[in-house]
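Since the structure is predicted, the reported quantities are computational estimates derived from the model, not experimental observations.
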Amino acid sequence: MIIASHTLDCRDLGKKPRHTYSVLDSTNIREQREATVREHMEAENAHDFDRCIAAFAHPRYEIVATGEVWDGHSGVNALLQENKKGFPDFQFHPESFHHAPDAVIVEGRFTGTQRGNWRGLPPTGRKVDFRLIIVFVFNGDQMICERTYFDIGTPLTQLGVARDPNSHAGKIATALNHPVVIGKAVIRLMLRRQPA
C-alpha cells in the first residue's frame, strides 16, 4: 500500500519548505491583488459592470448561501444586472481586508433598497443592510473567482419574506411551516424527559 507519493528526507527537517512557485505573499503581490479587488468593487458599486468584470482573468461568482455559480462574462453580467434590477441603489461597503496565500478576503456590508423584482420576489420597497464575507480567489496575480458568504435569512427577514426564528412570530411560522419536523422534535424532547 502506498501512503504518499512524497517521502520526507531527514536532512530536510528544520529547513524552510521549498516552493515550486514564486513566493506569493510578498508585499508587491499583496498590494497588486488588493488594488485589483478595490478596482473591481469600485466598478461594481458604480454599476459599471464591464469594468467590474474586466478585473477578472476569468469571471466567476460563487454565491455560497444559495449554491449558485455564475461563470464567464455573460453569467457574471446576468447576476450583476439582476442585482441592479432588484436593488438599483445597491452598494458594497468594505470594512477590512485580509490576505491569504491565494486570496484576498474582504469583510463588509451589502446595502440597497428593493425597487424591482429580485429572484422572483416582487419589489417590497424595503432596505437591506447585511454583513458578508467575500473571498476573492487568485491564481498568482490573476483574480479568478469571487466567492460570497452571507446568511440568506438576514436579507429575507429585512425584506419581510422571512421571520427571525427566535422571535415569537418566527417560532409560530416554523411550527406551521414544518409540523412534522417540529412534532418529531417535541416527541424526542418529551421522551428524554421521562424518568428511566
Side-chain angles (χ1 to χ4, degrees), residues 16-114 118-119 121 126-159 162 164-166:
K16 291 184 179 180
R18 289 175 273 159
H19 299 285
T20 58
Y21 53 90
S22 61
V23 178
L24 297 178
D25 61 348
S26 69
T27 302
N28 287 343
I29 195 75
R30 287 170 58 130
E31 288 173 356
Q32 186 176 6
R33 286 177 176 177
E34 188 168 318
T36 299
V37 168
R38 287 182 183 276
E39 166 65 16
H40 167 77
M41 290 187 302
E42 180 183 299
E44 189 168 345
N45 280 342
H47 301 174
D48 183 349
F49 299 142
D50 285 335
R51 191 180 82 177
C52 171
I53 294 169
F56 286 99
H58 175 82
R60 180 180 175 92
Y61 274 54
E62 297 175 1
I63 314 298
V64 175
T66 60
E68 296 169 285
V69 174
W70 301 82
D71 197 55
H73 185 281
S74 62
V76 169
N77 188 57
L79 170 66
L80 295 171
Q81 293 295 341
E82 183 175 342
N83 285 346
K84 182 180 177 184
K85 179 181 172 190
F87 299 91
D89 61 345
F90 85 80
Q91 294 285 295
F92 177 67
H93 308 274
E95 295 174 350
S96 61
F97 288 77
H98 309 278
H99 296 269
D102 63 350
V104 175
I105 302 152
V106 181
E107 295 180 82
R109 293 179 9 262
F110 178 94
T111 62
T113 308
Q114 193 201 8
W118 179 69
R119 307 290 167 80
L121 177 65
R126 293 183 177 207
K127 294 183 181 295
V128 295
D129 184 343
F130 60 94
R131 299 191 58 75
L132 64 155
I133 293 175
I134 302 175
V135 177
F136 292 95
V137 181
F138 281 81
N139 181 7
D141 63 351
Q142 302 291 304
M143 189 166 70
I144 58 172
C145 181
E146 177 177 327
R147 188 174 299 130
T148 305
Y149 296 86
F150 63 95
D151 169 29
I152 190 69
T154 300
L156 293 177
T157 299
Q158 291 173 353
L159 291 174
D164 177 354
N166 294 317

Exercise. Which residues satisfy the side-chain hydrogen bond (donor to acceptor under 3.5 Å, both in side chains) test with R38, sequence neighbours excluded?
Worked result: E34

Working to the nearest 0.5 Å, report the span between [atom1] of [X] and [atom2] of [Y].
| X | Y | atom1 | atom2 | value |
| --- | --- | --- | --- | --- |
| D141 | E31 | CG | CD | 13.5 Å |
| L159 | K127 | CG | NZ | 12.0 Å |
| L132 | I63 | CG | CD1 | 9.0 Å |
| N77 | Q81 | CG | CD | 5.0 Å |
| N139 | H58 | CG | NE2 | 12.0 Å |
| D89 | T113 | CG | OG1 | 4.0 Å |

Exercise. Among V76, I134, D71, which residue meets the side chain to side chain contact (heavy atoms under 4.5 Å, CB included) test with Y61?
Worked result: V76

For this session: Using side chain to side chain contact (heavy atoms under 4.5 Å, CB included) as the criterion, point out the one residue from T157, D151, L156 that pairs with T154.
Result: D151

Exercise. Within the distance-only criterion (no hydrogens, no angle test), does the side chain of R33 pair as donor or acceptor with the backbone N or O of G140 below 3.5 angstrom?
Worked result: yes

Problem set entry | Donor-acceptor pair, side chain of Q114 and main chain of L121, under 3.5 angstrom | yes

Exercise. Mind checking what makes side-chain contact (heavy atoms from CB on, under 4.5 Å) contact with E39, not counting sequence neighbours?
Worked result: E42, R51

Exercise. With sequence neighbours excluded, what pairs up with T36 under the side-chain contact (heavy atoms from CB on, under 4.5 Å) test?
Worked result: A55, F138, M143

How far apart are the closest heavy atoms of [X] and [Y], and which atoms are they?
| X | Y | result |
| --- | --- | --- |
| A78 | W70 | CB-CZ3, 4.0 Å |
| E146 | F136 | OE1-CE2, 3.3 Å |
| C52 | E44 | SG-CB, 3.7 Å |

For this session: Would you please indicate yes or no on a ring centroid separation below 6.0 angstrom for F90 and H47?
Result: yes

For this session: Verify whether the ring centers belonging to F130 and F150 lie closer than 6.0 Å.
Result: yes

Exercise. Going by distance alone, is a donor N or O of one side chain under 3.5 Å from an acceptor N or O of the other, for T111 and Q91?
Worked result: no

With [X], which residues qualify under salt bridge (charged side-chain N to carboxylate O under 4.0 Å, His left out), at least two apart?
| X | value |
| --- | --- |
| R147 | E62 |
| E82 | R119 |
| D129 | R109 |

For this session: For the residue pair R131 and E107, establish whether any side-chain heavy-atom pair is separated by less than 4.5 Å.
Result: yes

Exercise. Do R60 and V69 come close enough that some side-chain heavy atom pair is under 4.5 Å?
Worked result: yes

Problem set entry | Worked verdict on F92 versus V106 for side chain to side chain contact (heavy atoms under 4.5 Å, CB included) | CA-CA 10 Å; F92 177 67; V106 181; 3.8 Å; yes

For this session: Just do the side chain to side chain contact (heavy atoms under 4.5 Å, CB included) check on D50 and H73 with the steps written out, would you?
Result: CA-CA 9 Å; D50 285 335; H73 185 281; 3.7 Å; yes

